[in-house]
2 protein chains.
Amino acid sequence: MTTIDDVAKLAGVSKSSVSRVINGNFQYMSEEMRGKIEQAIKDLDYRPNSVAQSLKKKETKVIGLVVGDLNSFWSVALRGVQEECMRNGYGLMVSESAWDPERDLANIHMMKSKRVDGLIVSPIRQHKQVDDLLNSLDIPYIFADSTWEEIVTDQVVTNTIAGAVEAVEHLIQLGHSRIATILFTLENSVRKERLEGYKRALQKHGLPLDETIIKICKAGKGTGVEAVIELLHMPDRPTAIFSTNMHLTLDVLKGVRMAGLDVPGDISVVGYDDSEWAPLLDPPLTTVAVPAFQMGVKAASLLIQKLQNKKPRKPKKIEIMPKLMIRHSATQLNQSRKADELPVVKLSDHTLTKEKSNENHQTGANSRKA
Amino acid sequence: MTTIDDVAKLAGVSKSSVSRVINGNFQYMSEEMRGKIEQAIKDLDYRPNSVAQSLKKKETKVIGLVVGDLNSFWSVALRGVQEECMRNGYGLMVSESAWDPERDLANIHMMKSKRVDGLIVSPIRQHKQVDDLLNSLDIPYIFADSTWEEIVTDQVVTNTIAGAVEAVEHLIQLGHSRIATILFTLENSVRKERLEGYKRALQKHGLPLDETIIKICKAGKGTGVEAVIELLHMPDRPTAIFSTNMHLTLDVLKGVRMAGLDVPGDISVVGYDDSEWAPLLDPPLTTVAVPAFQMGVKAASLLIQKLQNKKPRKPKKIEIMPKLMIRHSATQLNQSRKADELPVVKLSDHTLTKEKSNENHQTGANSRKA
DNA sequence: GTGAAAGCGCTAACAG
DNA sequence: CTGTTAGCGCTTTCAC
């Protein structure tokens, strides 16, 4: 592998001079020498060994990403991180902790030992040891899409409440006033915030809050279907549903169909979370998209900015706004229909099919070249 | 940042000895010295600077992944790669080329300059310069999930044909003999192979090949819906459909519904590609899963094995077998129903809804903590 | 303007 | 068994 000495030899100069042109320090260099060196570099197709550079300069030009769960959200965010890193001449090291704080620790140590210049972390949940380690680190780091208490460093998060408000307001603007919502049990802040957004939107528009049309189900197959069917059997049936995640949304669509009703004809649906498939559903889903890619870009650029400003500023918190993707599952409330009798809910006999599939085989989405 | 000298000083020994314990070379070391050193290391919480180690040892313990398109398939595969790297003490650098061969080149150069020990590459299409660069590289590399001609290095691929055969055979075993298939235009080998598998399965079971029930549609919204409806209007309507990708499968489901028929009651459907949502569809989709995670693991372990065997073996090609996920969209052909008149296809008036949504906003799937 | 020399933190002969 | 020494490939004073 060709080294700086080879270049120096070929060009007939010292390696200091070669180093100067590599690093763009030719303010006081003769045109001639610069030309010779550049030629030699080209001839040898020389590329500096960045390990040696790093050792000397004490910076690696590599950013580390330590994420608790490399799920579909982070997979997309990762692309944003990577793109921004590349744009700025940084490499990206990736590690996943698979929900295990021990592995968070191990990964952070690994990143430190590899001397990454900065760290983007997104642990799955707060953990004292991880916290301590991070604080004892002499490497700049930021949090991304995480929800810890008392974070003392920069972070980028998405404004979940705003996304929920936007979803519900969209329904309100379409003329709906009796809007149900459906959630998984409120075990984490994201879920709570989606409910909070729902409430705020209603309040903002002077709509009453009716606890009977807030359905909270256990996470699991088909629980959403049951909830929807209950909703559809209510005497004063809601005309719209705000479904707070993709899993539930698919249940909602299924439940409505089982009841012999139509989305959006009989009931409008707005979901939360977007995916490649959302536009292909029947009907194409109106849903809140969390801009994962953009979040990744922001996280990387925030960190890089931090790496370049030596003087510490006060921790910054960047909020990414979700975006409502308006497709076809929510429409203007049909006034005439409202006056009429509501369509009758008819339940077929195969009502609540039980699922019993064996999904313990790790594969994953696959949209490749096909 | 604490160095090996600090440890040596604290333990009152030379740094060579410290280096020995770091590297586990204490065959000829007194227990006492070893103890002292290990204590000092613990006291200082010393971790070797792997940049310095790399410079000296000429190996970085980092693997580079250069992928053309970090889509949902690779996102999952990435997790497999990362996991296997971690298990073996390797770090992982990731870069994406976003369909641009120029960026493949740049990324490979970057990886080389960072001195990764080995490379997993998956360029989007064959490209002479990339090929040359790879061959001129003095870094071991393997191909993963790529389909180049004349590859002279190890590779891991999925057996697409076998997956398609399995899907169609499943239908045959359920008693179906008139099985249609639906594909996007045969622009790449993956698509061709899925068709090939379909043909082979029919042939193997002595079933006739009827070109009229092989529907090839342009990629795009709703093209699959039209194709299915044509299929359903045929006098000798097929009793099952092998749909060759997720996009088409959603169209198929929609088309059948629009025709007033039921999956799987009136027609069985087997798809290709699995996703988080496939089990949640209505009905839960029987489909071929490409084990992306497993592929990532295999790729990494193949490469690592290669890194550790210095003596070159002849290039190896590992095939990953797709797995049929049996859920509820394909069932036993109902003999009695077959004897009856086929259910009538009724088309509602909102037949082929035109899509006109604005999907140019990059977001992505999001299944996070909600 | 340019080169010589020191050294980043570590490993690996080679002595002792 | 343990320490001394010579680099790995590069950057960066500091002389010339």
Side-chain angles (χ1 to χ4, degrees), chain A residues 1-38 40-41 44-62 89 109-110 112-117 138-139, chain B residues 1-41 44-62 89 110 112-117 138-139:
Chain A
M1 193 141 284
T2 121
T3 75
I4 198 172
D5 282 302
D6 300 326
V7 179
K9 204 162 298 169
L10 179 63
V13 301
S14 77
K15 54 182 188 166
S16 340
S17 296
V18 178
S19 173
R20 285 189 186 102
V21 353
I22 292 169
N23 293 285
N25 301 325
F26 17 66
Q27 36 267 43
Y28 306 115
M29 185 179 281
S30 66
E31 280 299 324
E32 187 206 346
M33 166 154 283
R34 178 176 167 184
K36 271 196 306 191
I37 295 176
E38 283 174 340
I41 289 179
L44 295 172
D45 190 32
Y46 165 73
R47 324 249 166 184
N49 177 338
S50 57
V51 174
Q53 290 181 307
S54 298
L55 180 58
K56 187 73 206 180
K57 294 206 207 173
K58 294 174 175 313
E59 65 165 20
T60 52
K61 283 285 183 183
V62 172
H109 271 132
M110 191 262 229
K112 174 179 174 179
S113 136
K114 295 270 190 251
R115 295 299 192 271
V116 297
D117 291 344
D138 38 9
I139 295 176
Chain B
M1 193 139 285
T2 119
T3 75
I4 199 173
D5 283 302
D6 300 328
V7 179
K9 205 162 298 169
L10 179 63
V13 300
S14 78
K15 53 183 190 165
S16 346
S17 297
V18 179
S19 173
R20 284 189 187 102
V21 352
I22 291 170
N23 294 285
N25 301 327
F26 19 67
Q27 36 266 45
Y28 306 116
M29 184 178 281
S30 66
E31 280 299 325
E32 187 206 348
M33 168 156 280
R34 178 175 167 184
K36 270 196 307 190
I37 295 176
E38 281 174 341
Q39 188 57 49
I41 289 178
L44 294 172
D45 190 32
Y46 165 73
R47 323 249 165 183
N49 177 338
S50 56
V51 174
Q53 291 181 307
S54 299
L55 182 58
K56 184 72 207 183
K57 297 207 207 173
K58 293 175 176 312
E59 66 165 19
T60 51
K61 283 285 181 182
V62 172
M110 191 260 228
K112 175 181 174 176
S113 139
K114 297 270 190 247
R115 294 299 191 271
V116 297
D117 291 344
D138 37 10
I139 296 175

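Bear in mind the structure is a predicted one, so any value in this text is a computation, not a measurement. Computed from heavy atoms alone, side chains included, the values below leave out hydrogens, waters and symmetry copies.
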When the distance from [atom1] of [X] to [atom2] of [N] is rounded to whole Å, what number comes out?
{"X": "A/Q53", "N": "D/dT11", "atom1": "CD", "atom2": "P", "result": "5 Å"}
{"X": "B/I41", "N": "C/dC10", "atom1": "CD1", "atom2": "P", "result": "10 Å"}
{"X": "A/N25", "N": "C/dG3", "atom1": "CG", "atom2": "P", "result": "15 Å"}
{"X": "B/K9", "N": "D/dG3", "atom1": "NZ", "atom2": "C1'", "result": "16 Å"}
{"X": "A/I37", "N": "C/dT2", "atom1": "CD1", "atom2": "C1'", "result": "10 Å"}
{"X": "B/D5", "N": "D/dG3", "atom1": "CG", "atom2": "P", "result": "13 Å"}
{"X": "B/E59", "N": "C/dG9", "atom1": "CD", "atom2": "C1'", "result": "16 Å"}
{"X": "A/I4", "N": "D/dG7", "atom1": "CD1", "atom2": "P", "result": "18 Å"}

Just to be sure I understand the rule, does B/S30 reach a base, reach only the sugar-phosphate, or reach nothing, if contact means heavy atoms closer than 4.0 Å?
sugar-phosphate
*Have a look at A/V51 and say if it touches a base, only the backbone sugar-phosphate, or nothing, with a 4.0 Å heavy-atom cut-off.*
nothing
Measure the spacing between [atom1] of [X] and [atom2] of [Y] and express it to the nearest 0.5 Å.
{"X": "A/M33", "Y": "A/E38", "atom1": "CE", "atom2": "CD", "value": "12.0 Å"}
{"X": "B/D6", "Y": "B/K15", "atom1": "CG", "atom2": "NZ", "value": "11.0 Å"}
{"X": "A/S17", "Y": "A/R34", "atom1": "OG", "atom2": "CZ", "value": "13.0 Å"}
{"X": "B/D45", "Y": "A/H109", "atom1": "CG", "atom2": "NE2", "value": "5.5 Å"}
{"X": "B/S30", "Y": "B/K36", "atom1": "OG", "atom2": "NZ", "value": "7.5 Å"}

Are OP1 or OP2 of [N] and a side-chain N or O of [X] less than 4.0 angstrom apart?
{"X": "A/Y46", "N": "D/dG9", "result": "no"}
{"X": "B/T3", "N": "C/dG9", "result": "no"}
{"X": "A/N23", "N": "D/dT11", "result": "yes"}
{"X": "B/K56", "N": "D/dA6", "result": "no"}
{"X": "A/S16", "N": "C/dG3", "result": "no"}

Taking atom types as they are modelled, would you say the side chain of [X] forms a donor-acceptor pair with the base of [N] within the 3.5 Å cutoff?
{"X": "A/R20", "N": "C/dG1", "result": "no"}
{"X": "A/R115", "N": "C/dG9", "result": "no"}
{"X": "B/K15", "N": "C/dG9", "result": "no"}

Ranking B/L55 and B/R34 by the position along DNA chain D of their nearest nucleotide, the one closer to 5' is B/R34
Per nearest nucleotide of DNA chain D, the residue lying toward the 5' end, A/S17 or A/M1, is A/M1
Requested in this report: Please determine, by modelled atom types, if A/K57 and A/N23 share a side-chain donor-acceptor pair under 3.5 angstrom.
Outcome: yes
Looking only at C/dT2, D/dC1, D/dG9, the nucleotide nearest the A/A52 side chain is D/dG9
